[in-house]
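The structure under discussion appears below in the form of C-alpha cells.
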Amino acid sequence: MHADLHTHTTASDGRLSPADVVAGAAEAGVDLLAITDHDTLDGVAAVAAAMPAGLRLIPGIELSANWRNSGVHIVGLQIDPDNSTLLKGVAQQTRVREQRAVEIARRLEKAGFTQTLEGARALAGGRQIGRPHFARYLVESGQIKDISTAFKRHLGRGKRGDVRQGWPEFTTVIDWIRAAGGIAVLAHPAKYKLTNLRLEALCAEFAAAGGAAMEVVSGRQEAALTDKLARMANRHGLRASAGSDFHQPGQSWAQLGDVQPLPPDCRPVWQDW
Ligand code: AMP
Ligand code: MN
Ligand code: MN
Ligand code: MN
C-alpha cells in the first residue's frame with residue numbers, strides 16, 4: 001500500500017489546489033491519500049466527488065491544539081466531514097485563527113514590520129490564515145529575505161509571532177475527531193522538540209485521551225528516528241501513520257507521495273480500511 005496520509009492544499013497553507021494535489025498524488029503512484037488541511041475540511045470537500053480510479057481519498061484534517069503549553073497538531077483520519085460536532089470545532093478554530101492573525105500582526109508591527117495583516121490576509125485569500133502567510137508576505141514585500149529567516153527570527157517556536165493563545169486542549173480536539181467517527185493521529189511527534197521524557201508523557205496522555213495512532217513517518221527522516229517512533233508507538237498501543245506533510249513542490253522535507261515504508265513491526269493505521 002502506498003499511502004500519503006498528511007497533505008495540504010490551498011484550503012490552508014499549501015500552494016497547490018486540492019485538484020492538483022490529487023493529480024500529483026495519482027502521478028506519484030499513491031493509492032491512499034489523505035488531505036489534512038489545517039483546521040478546515042474545504043480541501044476534502046473540493047475533490048471528494050471527483051477522485052481518479054485507483055486513488056482513494058481519506059477525509060482528513062490537521063487540528064491545532066495545546067498540550068502543556070506546547071502547540072501540537074492532531075490529524076483526524078476517516079472523519080465524517082458532515083459531523084456537526086466536528087463542524088462546530090472547525091468553526092471555532094476559524095475564529096481562533098482570525099483573532100490570532102490580528103495578534104500576530106500586532107506583534108510583528110511592534111517589531112517594525114508594516115501592513116502585515118492586510119498582506120497575510122490577501123495571500124490567504126479568505127481561506128484558513130496562518131503563520132506561513134505572514135512569512136510569505138514579509139518576503140514578497142521585501143521586508144525579510146526568505147521564509148526560513150522569517151520563521152527563525154519572528155514566527156517559529158517561541159518567537160514573537162508564535163501565538164498559541166486560543167487553541168483548545170488536545171483532549172478536546174481528540175473528542176471532535178472521535179465524535180466524527182475518525183481516528184486521532186499525533187502528527188509529526190519529533191517536530192515539537194520535546195525531551196524524550198516529555199514526548200513519552202505526550203504519547204501516554206494522547207493514548208489515554210482516545211488517540212489511536214501516531215505518525216511514525218513524517219516526510220524524509222533518519223532511519224534511527226523512524227525506529228525510535230515505531231517503538232514508541234508500539235509501547236503506547238498506538239497504530240502507525242505515515243505522510244509527507246506536503247505543502248508545495250520543491251519543499252525540502254518531502255515531495256507528494258514521498259513516504260518511506262513503515263517498519264515491519266508497526267500496525268499501519270490503514271490495515272483494516
Ligand atoms: P500555523 O498553522 O499558523 O501555526 O503555522 C504552522 C505552519 O507553519 C506549519 O504547518 C508549517 O507549514 C509552517 N512552518 C512552521 N515552521 C516553519 C519553518 N521553519 N519554515 C517554513 N514553514 C514553517
Ligand atoms: Mn502547514
Ligand atoms: Mn503540522
Ligand atoms: Mn501538516
Side-chain angles (χ1 to χ4, degrees), residues 4-16 18 21 34-40 42-43 60-67 69-77 90 93-105 107-108 116-117 119-121 123-124 127-140 144-168 170 173 177 184-194 202 206 214-215 217-219 221 241-254 256:
D4 188 342
L5 299 180
H6 188 147
T7 64
H8 295 272
T9 76
T10 45
S12 64
D13 57 4
R15 299 295 290 275
L16 297 188
V21 167
I35 289 179
T36 56
D37 276 304
H38 297 285
D39 303 303
T40 177
D42 292 354
I61 191 164
E62 181 173 18
L63 292 163
S64 311
N66 184 60
W67 175 76
N69 234 5
S70 285
V72 293
H73 286 169
I74 312 294
V75 163
L77 296 177
V90 168
Q93 298 289 80
T94 304
R95 287 191 298 274
V96 171
R97 278 194 176 270
E98 193 42 50
Q99 289 160 5
R100 170 181 183 258
V102 172
E103 176 62 12
I104 293 172
R107 295 187 187 187
L108 290 174
T116 58
L117 189 56
R121 268 197 188 133
L123 290 174
R127 296 173 291 265
Q128 222 47 309
I129 190 168
R131 285 176 283 167
H133 301 108
F134 283 93
R136 254 181 83 198
Y137 171 70
L138 291 177
V139 174
E140 289 179 14
I144 217 157
K145 75 167 190 266
D146 56 34
I147 299 276
S148 104
T149 307
F151 271 94
K152 207 180 291 167
R153 301 222 180 115
H154 304 287
L155 291 160
R157 187 178 311 284
K159 302 297 176 196
R160 73 178 74 244
D162 178 19
V163 176
R164 290 196 296 262
Q165 65 209 35
W167 294 135
F170 84 134
V173 312
I177 292 166
V185 183
L186 181 62
H188 44 63
K191 288 230 183 93
Y192 310 124
K193 305 284 175 219
L194 300 171
L202 170 58
F206 179 73
M214 76 182 217
E215 287 181 350
V217 169
S218 173
Q221 62 187 35
S241 189
S244 60
D245 205 0
F246 174 81
H247 283 71
Q248 60 187 311
Q251 71 183 23
S252 56
W253 56 93
L256 192 47

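All figures in this text were calculated on a predicted structure; none of them were measured in a lab. Just so you know, ligand 1 is whichever comes first in the structure, and atom 1 is the first atom listed for that ligand.
- The salt bridge (charged side-chain N to carboxylate O under 4.0 Å, His left out) search around K152 returns none, not counting sequence neighbours.
- Between S64 and the options R97, Q93, R100, H38, a side chain to side chain donor-acceptor pair (under 3.5 Å) holds for only R97.
- Protein N/O/S atoms closer than 2.8 Å to the Mn ion (ligand 3), listed by chain and residue number, are E62 OE2, H73 ND1, H188 NE2.
- Looking only at distances, a side-chain donor or acceptor of R131 sits under 3.5 Å from a matching main-chain atom of L155.
- Listed by chain and number, residues touching ligand 1 at under 4.0 Å (heavy atoms only) are D13, H38, R97, R100, G130, R131, P132, I147, F151, H247.
- In this structure, W67 CH2 and Y192 OH are separated by 11.0 Å, a value rounded to the nearest 0.5 Å.
- Between H188 and H73, the angle of the ring planes goes over 60°, which puts this pair in the perpendicular group of the 30/60° scheme.
- Considering CG of L63 and CD1 of I74, their distance stands at 8.0 Å, rounded to 0.5 Å.
- Judged by distance alone, the side chains of S244 and D4 do bring a donor and an acceptor atom under 3.5 Å apart.
- We find that R121 and E98 are joined by a salt bridge, their nearest charged nitrogen and carboxylate oxygen being less than 4.0 Å apart.
- For T149, the side chain to side chain contact (heavy atoms under 4.5 Å, CB included) partners at least two apart in sequence or on another chain are I144, K145, D146, R153.
- The N, O or S atom of D13 with the smallest distance to the Mn ion (ligand 2) is OD2.
- Salt bridge annotation for R127-D42: absent, with no cationic side-chain nitrogen under 4.0 angstrom from a carboxylate oxygen.
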